[in-house]
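Labels below follow one simple rule: chain letters A, B, ... track the order of the sequence lines, proteins then strands, and each chain is numbered from 1. Hydrogens, waters and symmetry mates play no part in the numbers below; they use all other heavy atoms, side chains included.
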Protein chains: 2
Amino acid sequence: MTREPAATQSTALLTDQYELTMVQAALASGAAERRCVFEVFTRHLPAGRRYGVVAGTGRLLEGLEQFQFGAAEIDWLAEQGIVDEPTLDFLADYRFRGDIHGYAEGEVFMPDSPVLRVESSFAEACLLETFVLSVLNHDSAIASAASRMSLAAGARPCVEMGSRRTQELSAVASARAAAVAGFTATSNLEAGRRWGLPTIGTAAHAFTLLHDSEEEAFEAQVKAFGPGTTLLVDTYDVPTAVRRAVEIAGEELGAVRLDSGDLVEQAREVRALLDSLGNTGTRIIVSSDLDEHAIARLQAAPVDSYGVGTKLVTGGGSPTAAMVYKLVARTDDDGDSVSVAKKAEGKKSVGGVKHPVRSFDAGGRAEAELIGIGTAPEAHGARTRELIVPMVLGGEVQSQHLGAEGVRRAAQRHTDSLAELPAAAKRLQHGDPVLPTIFS
Amino acid sequence: MTREPAATQSTALLTDQYELTMVQAALASGAAERRCVFEVFTRHLPAGRRYGVVAGTGRLLEGLEQFQFGAAEIDWLAEQGIVDEPTLDFLADYRFRGDIHGYAEGEVFMPDSPVLRVESSFAEACLLETFVLSVLNHDSAIASAASRMSLAAGARPCVEMGSRRTQELSAVASARAAAVAGFTATSNLEAGRRWGLPTIGTAAHAFTLLHDSEEEAFEAQVKAFGPGTTLLVDTYDVPTAVRRAVEIAGEELGAVRLDSGDLVEQAREVRALLDSLGNTGTRIIVSSDLDEHAIARLQAAPVDSYGVGTKLVTGGGSPTAAMVYKLVARTDDDGDSVSVAKKAEGKKSVGGVKHPVRSFDAGGRAEAELIGIGTAPEAHGARTRELIVPMVLGGEVQSQHLGAEGVRRAAQRHTDSLAELPAAAKRLQHGDPVLPTIFS
C-alpha cells in the first residue's frame, strides 16, 4: 500500500480564527445558509514567469476528509471562548457537503484563471478558505518552480532533495509537488510513503569524514550497497576520489556525485577521467544550490542527473502562488443568485461565476485562456478545451484525485498541458504570461 | 492545557533517505558507534541582514520525542528494501540517547555561530540531520524576518496572519516563530492550541459581500461580538463605511481594519473622521502585504497595530536560514577525538568542537561573537556571556524548552538578546552582520 492516511488528526484548526467568527456572525444574522460560490485565483504570476502550475489538489482533498471538529477541537474552542454555543454545535456537526470543481492538478494556469470553485452554504464554504489557500499556494508555488527546472533539464532527470531547507512537513508536500511537475524521485521518505514516490539517497560528506580515510568510506558503502551505488567524490580531492571510487567499485560503479565547486568544469574533468578509466557507464550526478538557470548552464556539461534542493522548496524565489479565495456569487432572500465583488481601491476582483476554457489555434497550439462570466465564454480559435473537472460532489471526494493515483494523473496532466503551450513557455528569461486571459 | 501533543505520529520518516543508508553502511563498517559531534551553523546571513534569530528549538525537541520508528515505519522501509535487516533492527530500537546543546531559542546569531551541537554515536546523530535542519531553517528564517518587523513597529503590536500564504503546517510553525520574535498574537488557531498563543480574528470582505448591504453585515457582526469588535471598512467606500460603523457600534467601536489601497493616506483620513465623530478610542488596524519597510513608512501614520501575512511567512524574502549540519569531530579506533572537515573547493567548513561566547564592551554593548575551537576562546572585551545551554542530556529533553513555557522563555531571550546589540542592529537598510565572528 502506498497511501498512508495523511493524518488521523483533525485539520480543522489549520485555519484563521476569522473563518469561525464569520460563521458565528452569519449564523446569528441568518445569512449562513445562503448558497455561495467562492473562487480561487491569483491576480498575477510571480515576476517574469510565463505560467503557473496547479498543485496540491490531491493533498487538499485528502485533508478535506479530516476537516472535522472532534471533541478535542470543540473543547479547546469552548475553553478559549472563541465562538459561542450555537456555533460550537454547528462546528461539531460540520462536514463539507457542497461541490468543488477546479483545474485538474498539474494543469497550467494564468493570471485570473479560476483554479478552484467551492459551492455550498456560506458557513460550509467559508470555513475552508484558509486551509484551501495554504495547500494550493504552497504546492502550486513549488510545482511552478519545479516545472521550469524540469524544462531546463530536458531529458535529464531531476531529483528533489530540499527537505532540509523547508519546514519538515512542507518538505513532504514539496516532494509531491515536484513529482507533479516532472521530477523523477525524491530524497524524502515520508513523501515516498504517502504517495508511492520513488525515493533515493546514498551518503553525505559526513560519511566520508567519519572514516579514517576516503578509501575506507567508499569500501564501506560499496560493501553495503554494491558497486552500483553513488559515491560522493568531493570531500577531499576530486580526481583522487574518482580514481579511488573506480578502483574500489570497478566498472560497475553506478554514479559519482559532485556537490560543490564549479560543477561545469568538474563534470567535464570527471567525465574524461571516468572514460579514461573505462567507466563509460558510470553516471555523474550534480547538486549544490541548483535552479533552472544553473541547470540550463549545466546542459552543456556531461551531467546525467540533477539533485535540486533549496531553490525548489523555496519556490525558485517565489515561495507562494499568491492565490486568493473570493466570494463571487451568493443567493439573496428570494433564492436568486447575485454576483458580488469588492469595490474599494486596491485588490478589486471580478464578480460572478467563471467558466474557463483554453482555446487553440488550427495547429493545436494553445492561444488564450477564455473566461466567461456567468456563462460559457464566446467562441474563439479553432477549438477549445474545458478546464474545470469535478473534485467533490455533494461532499463526496472523487477518489481519482487522491493518493498515488492522484499524483500520477497530475504528472500526466502537467506533461500534456505543457506540450500544448507556445514555445515561449519554455523560455527561462522574464516575460509575460504565455497565454492572455480574456474575459467575455 | 495549552500544549497538545505535537503529533501522535512518528516524525522519523521526515528525513532524507541517505541518513538511513549512511547508518546501514556505517553499521557494516563498524564506524556507526564512533562518538561524533555535529554542529549546526550558517555560512552567511541573508543578503544585507544584520543578525539572525534562532527559532524552532522547542518544536525540534517536541518532535525529537516522536522521532521513533514504529511498526508502520519499519514495515514500509522493509517493503521498499531501503535498508537491510540489521539496520531495520537498529532503527526499531532507535531512540536518541546523546546530548544536544545550543543557543537558547530566541538568541541572536551571526555567520558561523554554532547554534546547535549534537553529540552521540554516528548512527544516532546522523539520523537527526534532516529533521533538525528542516525545523531550524524554517523557524529561524521566519523569526529573523519577524524580528525586523517588530523592531520597525516599535511599541505598536504586530499580529501574525499569514497562514494562507504558506503550507498549512508551516503556518502553525510560523505563528510560533513570530511569537518568539515579538509578535503579540496570531490568527492561526492550531498554533494557539499547541503553544497557548493569543489568537485573534474577526471578518473578511466575503462577510460584507454575503449580506445585502454593508450595514446589515456590520449589524450582524456587532450583534455577534459586541461593539468592541473590529469592522473591515474597505469593501465599498471607506469613509461611508467608517460612518456606518460608528452609527452601528457607537463610541465603543473597538477598531476598524484597512486591508487595501494607500494605507498611510487612508489611515490619516480614517483617524480624522473617527475623531470628528467622537470615536477617539477606536483603533485602526492595517494589513495588506506589509513588511518591515512598509511598517516603517506607516509609523508616521495614526495606525494602532499591524497585521502581517505573506512577507512574514515567506521569511521577508529569505525563506530559509541556510543552516547546515556538519560533522566536526569524531573518535578514532583508540577512542581519541579527531577534528574533521571537508577540504575540496566550495562549502568548506571549520573542523573541531566550537565554544562560542558573546563579548561586551565596558558599556554593556555586545561587540563580537568569539568562537574557540576545541577550547574556550581567548578573552576579549569587558565581559563575555556563554551562549550554549543544555537541551538534551543523555537522551532526556530538558522540559523548559517545550510547549508554551518554551515560547515565553524564547520571546524573553530574544528581547534581552536584541537589547544588548549595537544600534546598527536596528537599521533596516542592507548592511554587514552587526557583530564580527572571531575564531580563536
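Interface residue R330(A): only side-chain heavy atoms are found under 4.5 Å from chain B. Contacts between F131(A) and chain B at a heavy-atom distance below 4.5 Å involve the side chain alone, from C-beta outward. Heavy-atom distances place the side chain of L77(A), and not its backbone, under 4.5 Å from chain B. Both the backbone and the side chain of D262(A) come within contact range of chain B, each with at least one heavy atom under 4.5 Å from a heavy atom of that chain. Neither the backbone nor the side chain of T186(A) comes within contact range of chain B; no heavy atom of the residue lies under 4.5 Å from a heavy atom of that chain.
If you take CG on L14(B) and CZ on R193(A), they are separated by 8.5 Å, rounding to the nearest 0.5 Å. A distance of 6.5 Å separates OG1 of T199(B) from CD of Q80(A), quoted to the nearest 0.5 Å.
Heavy-atom pairs under 4.5 Å with chain B were tallied for D237(A), V135(A), T310(A); the largest tally goes to V135(A). Listed options S170(A), A31(A), A28(A) were ranked by heavy-atom pairs under 4.5 angstrom with chain B; first place goes to S170(A).
Between W76(A) and G192(B), the shortest heavy-atom contact is CZ2-C, 3.4 Å. The minimum heavy-atom distance between D332(A) and D212(B), with the atom names listed, is CB-OD1, 4.3 Å.
Evaluation of the side-chain hydrogen bond (donor to acceptor under 3.5 Å, both in side chains) rule for K342(B) yields S260(A) as partners, not counting sequence neighbours. For S29(B), the side-chain hydrogen bond (donor to acceptor under 3.5 Å, both in side chains) partners are H211(A), not counting sequence neighbours.
Remark: the S187(B) side chain and the Q17(A) side chain contain no N/O donor-acceptor pair separated by less than 3.5 Å. A donor atom on one side chain and an acceptor atom on the other are not found under 3.5 Å apart for S134(A) and S163(B).
The pair E214(B)-K343(A) fails the salt-bridge criterion, with no side-chain N (NZ, NE, NH1 or NH2) lying under 4.0 Å from an Asp/Glu carboxylate O.
In terms of modelled atom types and a separation under 3.5 Å, the side chain of T314(B) and the main chain of P319(A) share no donor-acceptor contact.
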